[in-house]
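Scope of the values below: all heavy atoms of this structure, side chains included, with no hydrogens, waters or symmetry mates.
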2 protein chains.
Amino acid sequence: METNMHTGPATTALGETEQEIISLMAGAAQMLGLPKSLGEIYGLLYVSPEPLCMDDIMKRLHISLGSASQGLKQLRIFHAVRTVTVPGQRRDYYEPETELRQLLGNALREQFQPRLDTGRERLERLRHYLKDSPETSDHLHQRVEKLCRWHDNASQLLPLLSTLVKA
Amino acid sequence: METNMHTGPATTALGETEQEIISLMAGAAQMLGLPKSLGEIYGLLYVSPEPLCMDDIMKRLHISLGSASQGLKQLRIFHAVRTVTVPGQRRDYYEPETELRQLLGNALREQFQPRLDTGRERLERLRHYLKDSPETSDHLHQRVEKLCRWHDNASQLLPLLSTLVKA
DNA sequence: CCCTTACTTCAAATATTATTGAAATGAGTT
DNA sequence: AACTCATTTCAATAATATTTGAAGTAAGGG
């Protein structure tokens with residue numbers, strides 16, 4: 001029976017170019033407020049010519065089992081990686097989603113939409129509460145109204161953004 | 001001579017509505033990867049019917065002198081607050097920028113543009129380096145090209161976004 | 001000039017977040 | 001069912017980021 005060892009590019013050390021791309025991805029992740037390691041994992045998958053398993057990721061990035069697992073979990077939630085099954089192999093292999101429009105659309109949906117939704121609820125409640133609160137100052141009323149308009153604008157922006165990137 | 005005490009709304013305790021708005025702003029700040037206290041300071045200025053000075057901010061938000069100073073510094077960098085001088089008063093007073101289009105435009109310019117710029121430099125260097133590197137795999141070449149296209153798209157998106165919010 | 005007040009800076013303390021590794025879980029295989 | 005290997009989870013640890021308060025700087029007023 002064949003051994004468990006991996007052959008091919010997955011075992012060769014990372015070249016300068018690969019490292020630079022991984023570092024760029026890590027930076028991009030931090031720019032979006034995500035953990036650096038997320039970006040690194042994504043970057044490694046991005047430069048790899050073939051899908052990698054968790055073990056590859058741990059070894060080549062020098063991160064722990066737990067980090068690799070949790071990082072991949074997050075990336076799956078964002079749909080930034082896909083799980084692929086290699087015939088005759090028990091492990092899961094991962095490959096990156098490389099379409100910017102997909103990545104951006106998913107990120108907006110998963111990361112921003114939920115927060116906007118809870119924001120909406122809180123604003124609604126506030127508005128309702130203020131309805132029969134004549135003692136509240138005009139100024140405050142106006143600011144709440146303005147906030148609601150902010151929220152509406154922001155809410156419209158997300159789907160618009162998705163559309164734009166697709167065009 | 002008049003005492004240094006502040007009169008009017010700046011000395012009354014924060015009401016429920018004010019607190020809720022401040023909390024919403026804190027959440028929004030965190031959504032954008034900014035410190036919570038930044039959002040709170042902005043929120044306090046947002047609900048205040050008149051400009052506030054650092055001392056007001058410290059006392060009403062229960063934060064230290066240093067935090068107030070640094071928070072305001074950041075907010076000034078983002079152009080999210082303006083300094084106003086009150087005649088006959090030595091202190092600086094602050095009022096919020098409440099136009100979403102301004103806020104968003106400034107944030108994009110101050111927060112994202114610089115990072116995109118350094119990203120561009122690194123990508124250019126990478127591309128140049130790969131030019132006379134025939135030993136680099138086709139796959140890697142393609143990925144670098146794709147990254148450059150990502151970057152171009154992202155770069156075009158920022159000014160587009162500013163335009164959109166204004167419309 | 002010196003004093004006072006307003007603000008800034010920065011090193012230390014605190015709080016928050018990410019990472020680790022070991023134990024629990026799940027999923028095939030014999 | 002018991003065994004093995006792959007993955008997940010989670011409490012402890014490590015790393016980061018934020019907050020504080022005291023010392024330093026600046027600037028107006030006497």
Side-chain angles (χ1 to χ4, degrees), chain A residues 1-6 10 25-27 29-45 51-78 81-94 111, chain B residues 1-6 10 22 25-27 29-42 44-45 51-78 81-94 111:
Chain A
M1 190 173 175
E2 206 178 318
T3 76
N4 232 1
M5 271 188 59
H6 301 292
M25 291 292 188
Q30 290 195 299
M31 176 166 128
L32 301 170
L34 300 167
K36 199 173 65 161
S37 64
L38 260 204
E40 290 176 339
I41 296 173
Y42 180 84
L44 175 60
L45 294 173
L52 301 179
C53 65
M54 242 173 65
D55 201 53
D56 295 328
I57 293 169
M58 286 171 58
K59 293 207 173 105
R60 306 190 82 196
L61 249 28
H62 302 105
I63 62 176
S64 70
L65 189 76
S67 268
S69 174
Q70 293 194 162
L72 284 168
K73 184 183 177 182
Q74 268 297 97
L75 287 170
R76 279 190 312 255
I77 289 174
F78 291 146
V81 303
R82 269 185 299 275
T83 306
V84 300
T85 47
V86 175
Q89 284 275 245
R90 219 152 108 192
R91 334 176 91 131
D92 284 333
Y93 284 75
Y94 300 92
Q111 180 97 122
Chain B
M1 190 172 172
E2 206 178 316
T3 76
N4 231 1
M5 271 187 59
H6 301 291
I22 290 170
M25 291 292 188
Q30 290 195 300
M31 176 166 127
L32 302 170
L34 300 167
K36 198 173 65 160
S37 65
L38 259 204
E40 290 176 338
I41 296 173
Y42 181 84
L44 174 60
L45 294 173
L52 300 180
C53 65
M54 244 174 64
D55 201 53
D56 295 327
I57 293 168
M58 286 171 58
K59 292 207 173 103
R60 307 190 83 197
L61 251 28
H62 303 107
I63 62 176
S64 69
L65 188 75
S67 269
S69 174
Q70 292 192 164
L72 284 168
K73 183 182 177 182
Q74 268 297 98
L75 287 170
R76 279 191 311 257
I77 289 174
F78 290 146
V81 303
R82 268 185 299 276
T83 305
V84 299
T85 48
V86 175
Q89 284 275 244
R90 221 155 105 191
R91 331 176 94 126
D92 285 333
Y93 284 76
Y94 300 93
Q111 181 96 121

In whole angstrom, what separates [X]'s [atom1] from [N]'s [atom2]?
{"X": "A:Tyr93", "N": "D:dC5", "atom1": "OH", "atom2": "P", "result": "15 Å"}
{"X": "B:His62", "N": "C:dT14", "atom1": "NE2", "atom2": "C1'", "result": "19 Å"}
{"X": "A:Ile41", "N": "C:dA18", "atom1": "CD1", "atom2": "P", "result": "13 Å"}
{"X": "A:Leu52", "N": "D:dT7", "atom1": "CG", "atom2": "P", "result": "12 Å"}
{"X": "A:Ile57", "N": "D:dA6", "atom1": "CD1", "atom2": "P", "result": "14 Å"}
{"X": "A:Ile77", "N": "D:dT8", "atom1": "CD1", "atom2": "C1'", "result": "13 Å"}
{"X": "A:Gln89", "N": "D:dA6", "atom1": "CD", "atom2": "C1'", "result": "11 Å"}
{"X": "A:Asp55", "N": "D:dT8", "atom1": "CG", "atom2": "C1'", "result": "16 Å"}

Reckon [X] has a side-chain N or O less than 4.0 Å from the OP1 or OP2 of [N]?
{"X": "A:Ser67", "N": "C:dT20", "value": "yes"}
{"X": "B:Ser37", "N": "D:dT19", "value": "yes"}
{"X": "B:Arg91", "N": "D:dG28", "value": "no"}

task: Name all residues meeting the salt bridge (Lys or Arg N to Asp or Glu O under 4.0 Å) criterion together with B:Arg82; count only those two or more places apart in sequence or in a different chain, and write none if there are none.
output: B:Glu95, B:Glu97
Applying side-chain contact (heavy atoms from CB on, under 4.5 Å), can you list everything that pairs with [X], at least two apart in sequence or on another chain?
{"X": "A:Leu32", "value": "A:Leu34"}
{"X": "B:Met54", "value": "B:Leu65, B:Ala68, B:Ser69, B:Leu72"}
{"X": "A:Gln70", "value": "none"}

Enumerate all atom pairs, one protein N or O and one N or O from nucleotides 9-13 of chain C, separated by less than 3.5 Å.
residue, atom, partner, partner atom, Å
C:dT9, OP2, B:Lys73, NZ, 3.0
C:dC10, N4, B:Gln70, OE1, 3.3

statement: A:Arg76 meets the side chain to side chain donor-acceptor pair (under 3.5 Å) criterion, sequence neighbours left out, with A:Tyr94
- prompt: Under the side chain to side chain donor-acceptor pair (under 3.5 Å) test, which residues partner B:Lys36, sequence neighbours left out?
  reply: none
Looking at every heavy atom in both [X] and [Y], which two are closest together, and how far apart are they?
{"X": "A:Arg91", "Y": "A:Tyr93", "value": "O-CD1, 3.6 Å"}
{"X": "A:Leu38", "Y": "A:Gly71", "value": "CD2-O, 3.1 Å"}
{"X": "B:Pro35", "Y": "B:Ala29", "value": "O-CB, 3.8 Å"}
{"X": "A:Ala26", "Y": "A:Glu40", "value": "CB-CG, 3.8 Å"}

task: Quick one: pull up CD1 in B:Ile57 and CD1 in B:Ile63 and give me the separation to the nearest 0.5 Å.
output: 7.0 Å
task: Can you spot which of B:Ile41, B:Val81, B:Leu44 makes a side chain to side chain contact (heavy atoms under 4.5 Å, CB included) with B:Leu52?
output: B:Leu44
query: For DNA chain C, what string of dots and brackets results from 5' to 3' when Watson-Crick and G-U pairs need both distances under 3.5 Å, crossing pairs get [ ], and pairs with another strand get |?
result: ||||||||||||||||||||||||||||||
message: Nearest heavy atom decides the nucleotide; on that basis, is A:Tyr94 or B:Ile63 closer to the 5' end of DNA chain D?
response: A:Tyr94
Pairs under 3.5 angstrom, nitrogen or oxygen only, protein versus nucleotides 25-30 of chain C, please.
none

- request: Output the single nucleotide from D:dT8, C:dT20, C:dT8 whose closest atom is nearest the side chain of A:Ser64.
  value: C:dT20
